[in-house]
Amino acid sequence: MPDLLAYDLMAHKNDAESISIFYVESLYIVDFLVKTYGKDAFKEMCRHLRDGDTFEQALKSSYYPTIDSMQTLQEKWFEYAKQYL
């Protein structure tokens, strides 16, 4: 998951496979967050991002105490993926 946040789309603009993988992984994480915690929490996280928070700050502000770090998000997403993907 840290790799996903650090991914530079412009640096890979000619690598269609890498870009496709990036979007698929992103879709799965968004799907997990919305299905597990609801649209309102996801909208709140997007507002925090819009307002300049880092992803981890926005995540904590919107999903605390259930998700309190990137590590927790990754662990919960892996659990979800094992069950549903």
Side-chain angles (χ1 to χ4, degrees):
M1 188 151 319
D3 292 342
L4 185 61
L5 290 175
Y7 194 80
D8 182 357
L9 284 173
M10 292 309 292
H12 297 92
K13 65 183 176 185
N14 294 323
D15 185 356
E17 184 177 349
S18 290
I19 291 173
S20 294
I21 291 169
F22 168 82
Y23 280 114
V24 169
E25 288 176 351
S26 299
L27 173 67
Y28 282 139
I29 292 168
V30 169
D31 185 63
F32 158 72
L33 289 170
V34 171
K35 285 183 178 174
T36 305
Y37 303 104
K39 291 179 185 177
D40 290 338
F42 187 76
K43 287 180 192 176
E44 182 180 342
M45 185 180 74
C46 290
R47 281 192 292 274
H48 284 283
L49 291 169
R50 177 200 64 202
D51 294 343
D53 286 359
T54 66
F55 183 79
E56 190 156 8
Q57 290 169 331
L59 186 69
K60 287 179 185 179
S61 296
S62 305
Y63 294 98
Y64 185 85
T66 307
I67 299 175
D68 59 358
S69 68
M70 289 295 299
Q71 181 65 35
T72 305
L73 173 60
Q74 184 169 320
E75 291 167 3
K76 291 186 176 294
W77 185 79
F78 283 156
E79 290 172 20
Y80 175 85
K82 286 179 191 176
Q83 288 184 318
Y84 300 106
L85 301 180

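Reckoned from all heavy atoms, side chains included, excluding hydrogens, waters and symmetry mates.
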(Q) For a side chain to side chain donor-acceptor pair (under 3.5 Å) check, start with the C-alpha distance between Glu75 and Gln71, then their side-chain angles and the critical distance, and finish with the verdict. (A) CA-CA 6 Å; Glu75 291 167 3; Gln71 181 65 35; 3.0 Å; yes

Q: Using a cut-off of 6.0 Å, state whether more than 12 heavy atoms not belonging to Tyr80 lie near its atom OH.
A: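 More than 12 within 6.0 Å, yes.
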
Q: Kindly work out whether a path of hydrophobic side-chain contacts (I/L/V/M/F/W/Y, heavy atoms less than 4.5 Å apart) joins Ile67 to Tyr64.
A: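 Different clusters.
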
(Q) Could you see if Val24 belongs to whatever hydrophobic cluster contains Trp77? Use Ile, Leu, Val, Met, Phe, Trp, Tyr and a side-chain cutoff under 4.5 Å. (A)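 Yes, same cluster.
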
Q | Backbone N/O of Phe42 and side chain of Tyr63: donor-acceptor pair under 3.5 Å | A |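 Such a contact is found between Tyr63 side chain and Phe42 backbone.
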
What distance separates [X] [atom1] from [Y] [atom2], expressed to the nearest 0.5 Å?
X	Y	atom1	atom2	answer
Leu33	Lys76	CG	NZ	11.5 Å
Leu73	Phe78	CG	CZ	9.5 Å
Met70	Thr54	CE	OG1	9.5 Å
Glu56	Ser61	CD	OG	10.5 Å

Q | Ala41 versus Ser62, closest heavy-atom pair with distance | A |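 Between these two residues, the closest heavy atoms are O-CB, 3.6 Å.
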
Under 3.5 Å donor-acceptor pairs involving side-chain atoms of residues 43-50, not counting sequence neighbours:
{"from": "His48", "atom 1": "ND1", "to": "Asp53", "atom 2": "OD2", "distance (Å)": "3.0"}

